[in-house]
Amino acid sequence: MKKVVVLGGTNDHIYLLKRLKSRGFKTILIDYLENPPAKKYADVFLREDIYNKDKVLEISKKNKINLIISVCIDQALPVVSYVSEKMKLPNYLSYEKALAITDKVLMKKKFIENKVSTSKCIFLKEKLIKNKELAELTYPVVVKPADLNSSKGVRKAKDFGQLKRFFDEAIKISRSKKVVIEEFKEGRELSVDIILQGQEPIILAISENKKNKKEKNNFTIVHSVSYQANNLLISEIKKNVRKIAQAFDLKNVPLLVQLIAKNNEVSIIEFSARVGGGSKYYYIKKMAGVDVVDYLIKVVLKEKLNFKIKPSNNYVAMNYIYTKPGVFRDIVGYKELLKDRTIDQLFFYKTKGSVITSNTASSDRPAGFMVVAKDKKELKEKIRKADKNLKILNNDKKDIMLHRLYG
């Protein structure tokens, strides 16, 4: 039987595991958590650090695997590529490309070299230096660890005092001890899900990311709403994506591009050559009728790539649930909301019993729900009803869900 290692046990990996099993693979899931959401869907579960490339290689060799794959986790890409190259397994990214894509310093440098529209920035290592480049940046600025995902350590600083504090926090959690400091851009933050046909971008879905307004310095996404871009904006997005494809030598791969849009101009924040997280595979199915997880598997296995976009006229929103610190014991109220079609689907991002210590990154959310509506008014009404009726209970059966986040 063919064997596959899957890195990461998030909710999105459940669907990946199902698709791989349907192809006859024995699935070996690796995750650092003891009880990740996808654990019970795998044939074998191993608790290990998925970012330790040599340990993952050792496991892969021992099990004589035929494939290694992941979705929705940026920092898993270099590990997948490293193991694939060492074992001569099929893959769609070289190790060198995967490193460039997942290191925000290398990524921004390539943006600048290839005239990709992006914000002015500087790169620092180890300590904050008051140099000429830093003095030329206009506040507010955004501080980012170079090698983390899920918005971990990403903060907005309004002055040097805040910058110093946020820089120290970012350096502390960065594995490479590198930080990007870039000027903050006003505008709509959009996520664009794309498939490259050759190097030509095919846009599957565009969503607007809404942030938690109560957290002014953090970038916690509370919901993503379908967004109708005009032709001028779409043209500008595609122009920049072509430059990205050429700069990183990417062909026939899925892309997730995050950008700021204002007056039909764009500033690319970052991108990744992967399927988006936070149930994006399901969102794209609803909006475009395309199974991007299955497409990714075909890319890796060098199979014939075919897909047909079936655009939806519905308004769709993915709404992410955050809580006060506590134990995620249960979620109530969702069964009735599913039954009366207020919500289309509920997704569990943490297993029951998980300890939640923060609400400042996407990895902190225990669950999310999708709403589908015929117009914006109905969308808002459904989200409001869901927010009112859903509860996240702790060990004392008290509701610790943060309500009224969705605007």
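Heavy atoms only: backbone and side chains are in, while hydrogens, waters and symmetry mates are out.
For the pair Gln199 and Asp249, the minimum side-chain heavy-atom distance is below 4.5 Å. A 4.5 Å side-chain heavy-atom check between Val299 and Leu305 finds at least one atom pair inside the cut-off. Residues Val241 and Leu255 have side chains in contact (heavy-atom distance under 4.5 Å, counting atoms from C-beta outward).
The aromatic rings of Phe347 and Tyr282 lie perpendicular to each other, with more than 60° between the two planes, well past the 30° mark. A tilted orientation is assigned to the rings of Tyr349 and Tyr320, their planes being inclined by 30° to 60°.
Within 6.0 Å of atom CD in Glu34, 12 or fewer heavy atoms from other residues, nucleotides or ligands are found, so the atom counts as exposed in its surroundings.
With no hydrogens or angles considered, no side-chain donor-acceptor pair links Ser224 and Lys210 at under 3.5 Å. Side-chain atoms of Tyr315 and Lys377 include no donor-acceptor pair closer than 3.5 Å. In this model, a donor atom of one side chain and an acceptor atom of the other lie less than 3.5 Å apart for Asn395 and Arg329.
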(request) Output, in order, the C-alpha distance, side-chain angles, deciding distance and verdict of salt bridge (charged side-chain N to carboxylate O under 4.0 Å, His left out) for Arg47 and Asp31. (result) CA-CA 5 Å; Arg47 189 183 183 190; Asp31 194 275; over 6 Å; no
(request) Walk me through it: do Glu336 and Lys385 pass the test salt bridge (charged side-chain N to carboxylate O under 4.0 Å, His left out)? (result) CA-CA 11 Å; Glu336 296 82 359; Lys385 181 178 177 181; over 6 Å; no
(request) Assess whether salt bridge (charged side-chain N to carboxylate O under 4.0 Å, His left out) is satisfied between Lys120 and Glu182, documenting all intermediate values. (result) CA-CA 6 Å; Lys120 188 176 180 181; Glu182 64 183 14; over 6 Å; no
(request) Evaluate salt bridge (charged side-chain N to carboxylate O under 4.0 Å, His left out) for Lys380 paired with Asp387, printing each intermediate quantity in order. (result) CA-CA 10 Å; Lys380 287 183 179 180; Asp387 179 60; over 6 Å; no
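Asp43 and Lys21 are joined by a salt bridge, as a carboxylate oxygen and a charged side-chain nitrogen come within less than 4.0 angstrom of each other. Between Asp344 and Arg341 there is a salt bridge, with a side-chain nitrogen of the basic residue lying less than 4.0 Å from a carboxylate oxygen of the acidic one.
Residue Lys298 is tested with Leu301, Leu296, Asp294 for a side chain to side chain contact (heavy atoms under 4.5 Å, CB included); the sole match is Asp294.
Taking the six-membered ring for Trp, Tyr139 and Phe184 have ring centres at least 6.0 Å apart.
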